[in-house]
Amino acid sequence: MRMSDDASVPGVAGTRPIAAYRPETVEELATLLRVRDGGTLLPMGGRTRLELGNAPAGSFAVVDLTAAFGGEIHHEAADLTVVVPASATVAE
């Protein structure tokens, strides 16, 4: 699992997180959730609309779910169906 503390980590509602995690698999995400000792973890996917809503009370860390819940977009135009990963944005 990668952890980042650089400027590319976005703020949430104007507040900077104390840490940013990017689990590569669902298993890494589960481990993060088990070992995190009560601190606030804020999930993020496409990094859109992070400015909306209220910032978490107190310090928090963000968890980028794009790798753990990533995947390909499958579109079947003839069936009018699309299967997208949980982290996909509308633009994708």
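Computed from heavy atoms alone, side chains included, the values below leave out hydrogens, waters and symmetry copies.
Note: Leu29 CG to Tyr21 OH = 12.5 Å, rounded to the nearest 0.5 Å.
Applying the salt bridge (Lys or Arg N to Asp or Glu O under 4.0 Å) test to pairs two or more places apart or on separate chains, none has a residue in residues 78-87.
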If you look only at distance, which donor and acceptor atoms sit under 3.5 Å apart when one is on a side chain in residues 56-71 and the other is two or more places apart or in another chain?
residue : atom : partner : partner atom : Å
Asp64   : OD1  : Thr66   : N            : 3.0
Asp64   : OD1  : Thr66   : OG1          : 2.7
Asp64   : OD2  : Arg47   : NH2          : 3.4
Thr66   : OG1  : Arg22   : NH2          : 3.2

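Using a 4.5 Å cut-off between side-chain heavy atoms of Ile, Leu, Val, Met, Phe, Trp and Tyr, Val82 falls into a hydrophobic cluster with Ile73, Val84.
Taking 4.5 Å as the limit, some side-chain heavy atom of Arg34 sits within range of a side-chain heavy atom of Thr31.
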